[in-house]
Amino acid sequence: MIFLTNEPRKLKLPSKSMEGNVAWKSPSNIALIKYWGKFGEQLPMNPSLSFTLKKSYTKTSIEYAYSTKKSKSLKLYLGRKRITNFEEKLMGVINKRLLQYLPWLDYTQLKIHTENTFPHSAGIASSASAMSAFALCLLSIEEELFHSKFQKNEFYRNASFIARLCSGSACRSIYGGYNLWGSLKEIVDSSDAYAVPVNNLIDPFYNSIHDAILIVSAREKDVSSSQGHSLMKNHPFAAGRHLQVNDNLQMMLKDMQNKDTPDFFRIIENEALSLHGLMMSSNPGYLLIKPGSLDIIEKIYNFREKENIALGFTMDAGPNIHLLYFDKDKKEVRNFIRNELLQFCENGQWIDDKLGPGAQKVKINE
Ligand code: PMV
């Protein structure tokens with residue numbers, strides 16, 4: 001069964017108490033075409049396209065205890081440390097958005113252990129990896145409680161749906177490679193409610209993409225993504241942005257049918273700069289770009305011009321720069337990073353990541 005927006009599930013709950021544990025590893029993702037602004041129940045104002053990372057992932061294990069009496073509770077540990085403020089946040093999401101789809105949660109105690117492969121203070125949004133891992137664990141728990149299996153494609157689609165309800169862009173972290181989130185009439189199956197893999201529409205050349213995440217600042221940002229999304233509601237440039245992003249997405253998907261196209265990085269950079277332009281021009285406006293971000297961008301422009309190597313940058317809602325390039329240019333680009341870019345990174349920190357195969361179920365102690 002596939003979950004559908006606004007259709008609460010009617011489930012006959014198990015009549016016996018049960019305990020168990022499940023674990024998933026799930027990666028972060030980086031958007032090439034940016035989602036910015038949402039409506040309704042975590043639905044995107046525009047479609048977005050991303051690829052899943054390989055090394056930056058969260059491993060989450062959940063010990064659960066289901067009882068036939070209402071007994072909902074949640075404990076959350078990051079490494080060995082209990083994170084009570086996040087427990088409250090997650091319980092809020094469960095109550096507000098998840099119970100209607102996973103009604104057994106009202107009867108289940110959850111003890112969640114979560115770890116990120118990337119440093120906690122690296123300034124990398126961990127919500128996509130953490131929330132997708134959480135969603136996958138919940139679906140695995142449901143399978144165990146009901147002694148039934150979703151079909152494989154239903155399992156992943158539902159996990160993407162639940163991940164979206166926890167944190168929008170997390171829905172694009174379930175599958176490997178390239179993912180589209182948002183309804184697009186040309187792409188059968190695409191939906192605002194979950195992401196779909198689009199690797200079959202893209203030349204395999206793009207699987208060799210790398211993402212060097214250059215940590216300009218590891219500080220937690222002052223304005224959260226949720227606040228940023230809500231500022232899009234009355235944004236004076238919202239209508240223009242939606243025309244722009246749809247054009248960019250159409251062009252990008254068309255371009256990516258062929259390898260090594262000249263417009264690829266132009267579109268990616270246009271998306272990143274537009275995202276930050278929208279932040280600066282919202283009311284109140286704000287600025288997440290730091291001087292080090294600009295220094296790196298300037299260096300990238302110069303290097304590209306001089307060396308004639310296909311590479312470019314994108315940014316999330318933060319100051320860090322994601323330098324994207326292809327395997328064939330690995331040697332030159334790594335030298336460039338070491339010699340010219342690390343000087344602008346906080347404590348010389350960067351993450352050497354690339355496109356990855358997506359989430360994976362693991363043993364609890366693996
Ligand atoms: O999923 P959220 O609410 O953290 O929003 C993330 C939005 C961006 O990272 C800025 C863009 C995107 O599409 O990932």
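Whatever order the structure lists ligands and atoms in, that order sets their numbers, starting from 1.
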query: So, the side chain of Asp192 versus the backbone of Ser183: is there a donor-acceptor pair under 3.5 Å, distance only?
result: yes
statement: ligand 1 atoms nearer than 4.0 angstrom to some heavy atom of Leu275 are 10 (C)
task: Could you say whether the N/O atoms of Asp316 and ligand 1 ever approach to under 3.5 Å?
output: yes
- prompt: Going by distance only, is there an N or O of Lys34 that falls short of 3.5 Å from an N or O of ligand 1?
  reply: no
query: Which of the numbered atoms in ligand 1 are below 4.0 angstrom from a heavy atom of Ala31?
result: 12 (C), 13 (O), 14 (O)
Asn308, CG: over 12 other non-hydrogen atoms inside 6.0 angstrom: no
task: Report the residues that fulfil salt bridge (Lys or Arg N to Asp or Glu O under 4.0 Å) with Glu19, sequence neighbours left out, ordered by chain and then residue number.
output: none
- prompt: Is there a donor-acceptor contact under 3.5 Å from the side chain of His147 to the main chain of Glu143?
  reply: no
- prompt: What do we get for Ser225 next to ligand 1 when only non-hydrogen atoms under 4.0 Å count, side chain, backbone, both or neither?
  reply: side chain
query: Near Ala317, which atoms of ligand 1 are under 4.0 Å from a heavy atom of that residue?
result: 10 (C)
- request: Considering the heavy atoms of Ser167, write down every atom of ligand 1 situated less than 4.0 Å from one of them.
  value: 1 (O)
message: Below the 3.5 angstrom mark, is there an N/O of Ser48, backbone or side chain, next to an N/O of ligand 1?
response: no
query: Hey, is ligand 1 close enough to Lys38 that some N/O pair sits below 3.5 Å?
result: no
- prompt: Does His229 reach ligand 1 with a nitrogen or oxygen that is under 3.5 Å from one of the ligand's nitrogen or oxygen atoms?
  reply: yes
message: Could you check whether any side-chain N or O of Thr52 sits under 3.5 Å from a backbone N or O of Tyr175, counting only pairs where one atom can act as donor and the other as acceptor?
response: yes
task: Count the heavy atoms of every other residue, nucleotide or ligand shown that sit under 6.0 Å from NZ of Lys54, and state whether that count exceeds 12.
output: no
message: Would Ser50 and Asn179 count as a side chain to side chain donor-acceptor pair (under 3.5 Å) here? Give the steps.
response: CA-CA 5 Å; Ser50 62; Asn179 285 266; 4.9 Å; no
task: Mind running side chain to side chain donor-acceptor pair (under 3.5 Å) on Ser56 and Ser28 for me, showing each step along the way?
output: CA-CA 6 Å; Ser56 307; Ser28 191; over 6 Å; no
- prompt: For ligand 1, which part of Ile30 has a heavy atom less than 4.0 Å away: the side chain, the backbone, both, or neither?
  reply: neither
